[in-house]
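Reminder, nothing fancy here: chain letters follow the sequence lines and each chain counts from 1.
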Number of protein chains: 2
Amino acid sequence: MPATPRRTRSDALQNRERLLEVAAQAFAEQGLDTAPAAIAKQAGVGVGTLYRHFPTREVLIDAAYRRQLTQVCEKVNDLLAQHPAAEATRMWMEHFIHYATAKSGMSEALNAVIASGIDPYSDSRVLLTDAVATLLAAGARDGSLRTDVTPDNVLLLMGGIAYSVQHGTEEQARPLVDLFMDALTKDSSAS
Amino acid sequence: MPATPRRTRSDALQNRERLLEVAAQAFAEQGLDTAPAAIAKQAGVGVGTLYRHFPTREVLIDAAYRRQLTQVCEKVNDLLAQHPAAEATRMWMEHFIHYATAKSGMSEALNAVIASGIDPYSDSRVLLTDAVATLLAAGARDGSLRTDVTPDNVLLLMGGIAYSVQHGTEEQARPLVDLFMDALTKDSSAS
DNA sequence: AGTAATACCGGAACTTATTCCGTTTAAAGT
DNA sequence: ACTTTAAACGGAATAAGTTCCGGTATTACT
């Protein structure tokens, strides 16, 4: 048994970084169904290398969009600092939707991440879940949001909205966000 | 130019029917990712025949689940005949969810159909849209449902719920249905 | 019934995604 | 500096999905 926790090779790190860069650009320009082989080639590595770093399409997408997603999720803290929970939530959802419409491929990516309950522990999913959890917790504290909803519930429905937006415009998503917010802000003593 | 609108060959019809039967069973037993080749083989035809009748996976799924979906959608009329619109809607949603949890593969199929805004004119999608539209219209008539929501909006969110149910239990879906119904029954004069 | 036209059939060929494995090369120890 | 070790590499091999085309069987017509 090799008890040598040898550290990661430097070329491996570089290749990984390169792949991520290329993938992010390729996804944005040509959509999520860009051929893995093409990405590998442009990054100057073999497909084997790509698959070793990112075993499935999902993992690659997840990693490629992580940075952007991080930005979206960080917005939560800013918003909560300046607005009551319910309002912050609405604003965040709109921010989220805006992002989904603005960045080509983003909503596809979001859905790939959100809808894949298969792997609830992907980094991006954790990121999103935490963001929503923070909002819900704040809502519970100031009493502006109902307490019988889980972050997963919210994410799932937001994924649905993002998906619909993908084929429509930001304006078309508005009614859905309104609808959803109405539901979230309703007194939680129902039923 | 052959102006002979020759009628469809009888063996073609039989094959199509056979494929549908086999596909429905295979999907139910082994999930939606059953290999096309396997379905074709069990139906005793070549893959070419399968693809001619059902050009994409979606079309096949759509066709295979049509009958079951029809049943679910027909329930709308029964429910509306005996209950006010809002209550009928809630009951129908629960029926829908129940179906999604009971029939293995059903929620996958539902999502394949609903989430594929790509082809808004698939037969099953029309079926579902009509069902929801009927409910919403009834709600508008008796004033129990808000009027600023489209059937597509509703379907999309129901798809999300169905998807979450796929990985959970019927009970876990309840809060989401409640949430959604709260939103739908809320006064539509908002904002 | 016999024949011509053509819709349909089956599976081979092609394409694209994923896995596997012999070779290379950076890292750690001498 | 040199050797050892195994992590990482590239691309060939495999698997799965989809298209294409030569052959066959059904229909419509005589």
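In summary, the side chains of A:Asn15 and A:Thr49 do not present any donor paired with an acceptor at a separation below 3.5 Å, with no hydrogens or angles considered. Side-chain contact annotation: A:Asp142 with A:Ser144, donor-acceptor N/O pair under 3.5 Å present. Inspection of the B:Gln25 and B:Glu21 side chains reveals no N or O donor paired with an N or O acceptor under 3.5 Å.
For A:Ser10, a side-chain nitrogen or oxygen approaches OP1 or OP2 of C:dA27 to under 4.0 Å. In this structure, B:Thr49 reaches the C:dG10 phosphate: one of its side-chain N or O atoms is under 4.0 Å from OP1 or OP2.
Here the P atom of nucleotide D:dG10 and the CZ atom of A:Arg18 are 11 Å apart, to the nearest Å. Atom CD in B:Gln30 sits roughly 13 Å away from atom P in D:dA16 (whole-Å rounding). Rounded to an integer number of Å, the gap from B:Leu60 CG to D:dG17 P is 12 Å. The distance from atom CD1 of B:Ile39 to atom C1' of D:dA16 is 13 Å, rounded to the nearest whole Å. To the nearest angstrom, C1' of D:dA7 lies 13 Å from CG of A:Leu13. Spacing between atom CG of B:Leu19 and atom C1' of C:dC9 amounts to 12 Å, rounded to whole angstrom units. Taking atom CZ on A:Arg9 and atom P on D:dC9, their separation rounds to 6 Å, with Å as the unit. A straight line from CZ of B:Phe54 to C1' of D:dG17 spans 17 Å, rounded to a whole angstrom.
Nearest-nucleotide mapping onto DNA chain D: of B:Tyr51 and A:Arg16, the residue sitting toward the 5' end is A:Arg16. Comparing A:Arg52 and A:Pro36 along DNA chain C, the residue whose closest nucleotide (by nearest heavy atom) sits nearer the 5' end is A:Pro36. Residue B:Ala35 is the one, among B:Asp11 and B:Ala35, whose nearest nucleotide of DNA chain D lies closer to the 5' end (criterion: closest heavy atom).
Set against C:dT19, C:dA17, C:dA26, the side chain of A:Val47 has C:dT19 as its closest nucleotide. Checking D:dC9, C:dC9, C:dA26 against the side-chain heavy atoms of A:His53 singles out D:dC9 as nearest. Here the nucleotide nearest the side chain of A:Asn15, chosen from C:dG10, D:dC9, D:dA12, is D:dC9.
Across all strands, A:Thr56 comes closer than 4.0 Å to no nucleic acid atom at all (heavy-atom distances).
No donor-acceptor pair closer than 3.5 Å links the side chain of B:Arg52 to the backbone N or O of B:Val47. When atom types are taken as modelled, the side chain of A:Thr147 and the backbone of A:Ala140 share no donor-acceptor pair closer than 3.5 angstrom.
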